[in-house]
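Heads up: the structure comes next, in structure tokens.
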Amino acid sequence: MIVVFLGPPGAGKGTQCKLIVDRYGLTHLSSGDILRRERKENTELGQKAQSYMDSGQLVPDDLIVAMMMKEIGSQSSGGYVLDGFPRTIGQAQELDKALVAAGKKVDVVLNLEVDDNKLETRITGRRSCGKCGTAYHVTFNPPKTEDQCDKGCGALTQRPDDTSEVVQQRIKTYHEQTSPLVEYYQQQGNVKNVNGNLDIQEVTKALYDVLDGVKTSA
Ligand code: AP5
């Protein structure tokens, strides 16, 4: 199964991906996580991406498409969830071309809808584990021990782009450049809207209901 996960920053895409991948035998491919790994390793791509990410802008399409095609190409079998990619119409067209060439298609687009006024609280309260990638929230999803990952990885950190100022730019960027993808995929008839305003567990249940009903091309 090939899943595209759409939704504004802080909608809960990463949180939900971690909860659904095991159940469906999928791999989680997060463009944001891959970029953060590149930055940590101080690669050329990581250096090029840094200023865009820290200011809430999108990294240019050519860099992202090359990065994600490499990740997708390394998936030998099974399906995957694309979290944070595609994020522009140009990226979606490149993905479609690559999938058609491989005799595949996007099976479902999960569109996680969250009201703008909830996003800033979610993002500024996020604390993430730099090792396993698990995201917590100081109020809505706190770790068992304050500021420590439940999986024993160590201290949690706050992303540099999770400040109020950058969050507002990220939300603006989402509305301008990424939300048009909902219509793009609606024309392909595979969008499922999911209410992301609910509690984490209720959202997970709604996603299971959608994914249980998806007929895959694989
Ligand atoms: P990326 O890492 O993809 O960030 P994002 O899309 O802004 O998404 P987030 O990771 O902020 O949110 P999320 O939806 O995963 O929320 P989460 O589950 O953590 O991208 C970062 C940057 O990289 C971009 O700005 C851009 O510069 C660049 N980039 C990445 N991909 C790109 C691309 N394709 N093209 C160009 N540039 C690209 O949840 C957030 C918080 O809320 C957590 O604390 C969580 O515990 C809490 N929470 C989750 N669900 C709920 C709920 N239901 N109720 C209450 N709290 C909740």
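We number each residue from 1, following the sequence as shown. Just follow the structure's listing: the first ligand is 1, and inside any ligand the first atom is 1.
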### Query
Taking only heavy atoms of F140, which atoms of ligand 1 are found under 4.0 Å from at least one of them?
55 (C), 56 (N)
### Query
What do you reckon, does Q16 put a non-hydrogen atom under 4.0 Å from ligand 1?
no
### Query
Will you find, in the side chains of D115 and N117, an N or O donor that is under 3.5 Å from an N or O acceptor?
no
### Message
With nothing but distance in play, are any N or O atoms of D83 less than 3.5 Å from an N or O of ligand 1?
### Response
no
### Task
Starting from atom 3 (O) of ligand 1, locate the nearest protein heavy atom and write down its residue, its atom name and how far away it is, to 0.1 Å.
R87 NH1, 3.1 Å
### Task
Could you tell me whether R37 and D33 have a side-chain N and a carboxylate O separated by less than 4.0 Å?
no
### Message
Using a plain distance cutoff, I'd like to know if L198 has any nitrogen or oxygen under 3.5 Å from a nitrogen or oxygen of ligand 1.
### Response
yes
### Query
Any idea which atoms of ligand 1 are less than 4.0 Å away from a heavy-atom of Q91?
33 (C), 34 (N), 35 (N), 36 (C)
### Min side-chain heavy-atom separation D61-L63 under 4.5 Å
no
### Query
Is it true that G10 lies under 4.0 Å from ligand 1, counting heavy atoms only?
yes
### Message
Would a single hydrophobic cluster contain both V109 and L181, if residues Ile, Leu, Val, Met, Phe, Trp and Tyr are joined by side-chain heavy-atom contacts under 4.5 Å?
### Response
yes
#### Entry: Region of M68 that comes within reach of ligand 1 [heavy atoms, distance under 4.0 Å]
neither
### Task
Would you please determine whether R127 falls within less than 4.0 Å of ligand 1 on a heavy-atom basis?
no
### Task
Test Q75 against L29 for side chain to side chain contact (heavy atoms under 4.5 Å, CB included), laying out the working first.
CA-CA 10 Å; Q75 300 300 307; L29 298 179; 3.7 Å; yes
### Query
Should the pair K105-D107 be classified as a salt bridge under the 4.0 Å nitrogen-to-oxygen rule?
yes
### Query
Should R39 and D54 count as an ion pair when the cut-off is N to O under 4.0 Å?
yes
### Query
By number and element, which atoms of ligand 1 are closer than 4.0 Å to a non-hydrogen atom of R170?
4 (O), 5 (P), 7 (O), 9 (P), 11 (O)
### Query
In terms of atom number and element, which parts of ligand 1 are under 4.0 angstrom from non-hydrogen atoms of G84?
31 (N), 32 (C), 33 (C), 34 (N)
#### Entry: Flag for Q16-T204: side-chain donor and acceptor within less than 3.5 Å
yes
### Query
For ligand 1, is any non-hydrogen atom under 4.0 Å from Y136's backbone (N, CA, C, O), its side chain (CB onward), both, or neither?
backbone
### Task
Could you tell me whether the side chains of Y185 and D96 share a donor-acceptor contact shorter than 3.5 Å?
no
### Query
A11 near ligand 1, heavy-atom distance under 4.0 Å?
yes
### Query
Side-chain contact, heavy-atom cut-off 4.5 Å: I72 with L95?
yes
### Proximal atoms of ligand 1 relative to H137 (non-hydrogen, under 4.0 Å)
44 (O), 46 (O)
### Contacting atoms of ligand 1, where contact means under 4.0 angstrom from a heavy atom of S31
30 (C), 31 (N), 32 (C), 34 (N)
### atom 16 (O) of ligand 1: nearest protein contact (heavy atom, Å)
G12 N, 3.3 Å
### Atoms in ligand 1 with a heavy atom of Q57 nearer than 4.0 Å
26 (C), 27 (O)
### Backbone or side-chain N or O of F85 under 3.5 Å from ligand 1 N or O
no
### Summary
The atoms of ligand 1 lying under 4.0 Å from a heavy atom of D199, numbered in the order shown, are 53 (N)
